[in-house]
Amino acid sequence: MTITDPSPPPSFADGRKGLDACAWWARWYERELGWATEGTTPVRLLTGLRFDVLEVPAAVGRAALRRVGAGGPVALAGARMNLLVAAGSADELPGLLDWLEWGGVALSLTAIGAGGRITAPVPPGGVPSRPGAAVWLRPPGLRHEEEPELPTLSGLGSRGGGAPDLVRLVDAVATECHRVRLMHARTGRSTDESTAQPLAFS
């Protein structure tokens with residue numbers, strides 16, 4: 001899937017009348033994608049049902065995506081990037097990091113799984129309400145379209161091209177987190193554009 005900004009489907013424009021923007025966003029996600037939402041100011045997407053999220057600094061996410069190529073949907077929220085992965089991936093992450101020999105290394109990486117929430121990006125074709133609002137860099141496919149597979153852990157292989165998507169993605173993210181941390185340690189800067197965050201799971 002390429003990074004695109006598709007025109008809104010007809011239901012996008014039709015649903016705008018009579019609804020405030022946030023309530024309409026929630027309706028769009030539920031109707032067009034079948035994703036559970038919560039609240040309206042802001043709308044939040046529930047994780048652990050259709051997808052989990054790997055949250056990383058934006059610079060780390062961009063570098064990792066250059067290494068692994070196309071994958072699942074990607075959203076940008078301020079200085080952080082959300083990489084959507086298969087539901088259940090957050091639970092697999094600690095063991096996967098250990099297997100990749102990243103266990104115990106401080107990484108600016110947050111895994112959000114069952115019971116978690118992320119701020120819903122502006123639906124494709126919409127206009128962000130404020131600077132830094134969450135937006136899609138690589139939007140998800142609509143429910144009636146062929147839905148691309150999310151990076152998943154289907155089995156452990158080598159780090160080469162035959163490794164599962166989630167293995168290659170996590171390895172690339174961990175590598176870039178560590179590289180940025182070392183680079184910033186030499187210059188006295190934070191490991192994140194805002195605040196350094198330890199590896200966390202929620």
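Remember, predicted model here, so these are calculated numbers, not experimental data.
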Would you find a donor on one side and an acceptor on the other, under 3.5 Å apart, between the side chain of [X] and the backbone of [Y]?
| X | Y | result |
| --- | --- | --- |
| Arg62 | Val60 | no |
| Arg44 | Gly39 | no |
| Asp52 | Val85 | no |
| Thr47 | Gly116 | yes |

Query - Pair Arg27 + Glu30: basic N to acidic O under 4.0 Å - result: no
Report task. May I ask you to say whether Glu176 pairs ionically with Arg67, meaning some side-chain N is under 4.0 Å from a carboxylate O? Result -> yes
Are any non-hydrogen side-chain atoms of [X] and [Y] less than 4.5 angstrom apart?
| X | Y | result |
| --- | --- | --- |
| Val167 | Trp99 | yes |
| Pro121 | Tyr29 | yes |
| Met81 | Val74 | yes |
| Phe51 | Pro151 | no |
| Trp102 | Asp171 | yes |
| Thr119 | Val43 | no |
| Pro140 | Leu33 | yes |

Report task. Begin with the C-alpha distance, continue with both residues' side-chain angles, and end with the deciding distance and a verdict on side-chain contact (heavy atoms from CB on, under 4.5 Å) for Val170 and Leu54. Result -> CA-CA 9 Å; Val170 169; Leu54 301 182; 4.1 Å; yes
Where [X] and [Y] come nearest, the two heavy atoms and their spacing:
| X | Y | value |
| --- | --- | --- |
| Val173 | Ala64 | CG2-CB, 3.8 Å |
| Leu93 | Ala111 | CD2-CB, 3.6 Å |
| Trp136 | Pro124 | CD1-CD, 4.0 Å |
| Val105 | His178 | CG1-ND1, 3.8 Å |
| Ala174 | Leu107 | O-CD2, 3.8 Å |
| Ala86 | Leu150 | N-CB, 3.5 Å |

First locate atom [atom1] of [X], then atom [atom2] of [Y], and finally report the distance between them rounded to the nearest 0.5 Å.
| X | Y | atom1 | atom2 | value |
| --- | --- | --- | --- | --- |
| Leu137 | Leu76 | CG | CG | 5.0 Å |
| Ser89 | Ile112 | OG | CD1 | 13.0 Å |
| Leu97 | Leu109 | CG | CG | 6.5 Å |
| Leu84 | Glu55 | CG | CD | 11.5 Å |
| His184 | Arg186 | NE2 | CZ | 10.0 Å |
| Leu83 | Arg138 | CG | CZ | 8.5 Å |

Query raised in the report: Distance only, no hydrogens: is a donor on one side chain within 3.5 Å (strictly under) of an acceptor on the other, for Ser108 and Arg80?
Result: yes
**Report entry** Evaluation steps, side-chain contact (heavy atoms from CB on, under 4.5 Å), between Leu46 and Ile118
**Finding:** CA-CA 7 Å; Leu46 277 58; Ile118 62 170; over 6 Å; no
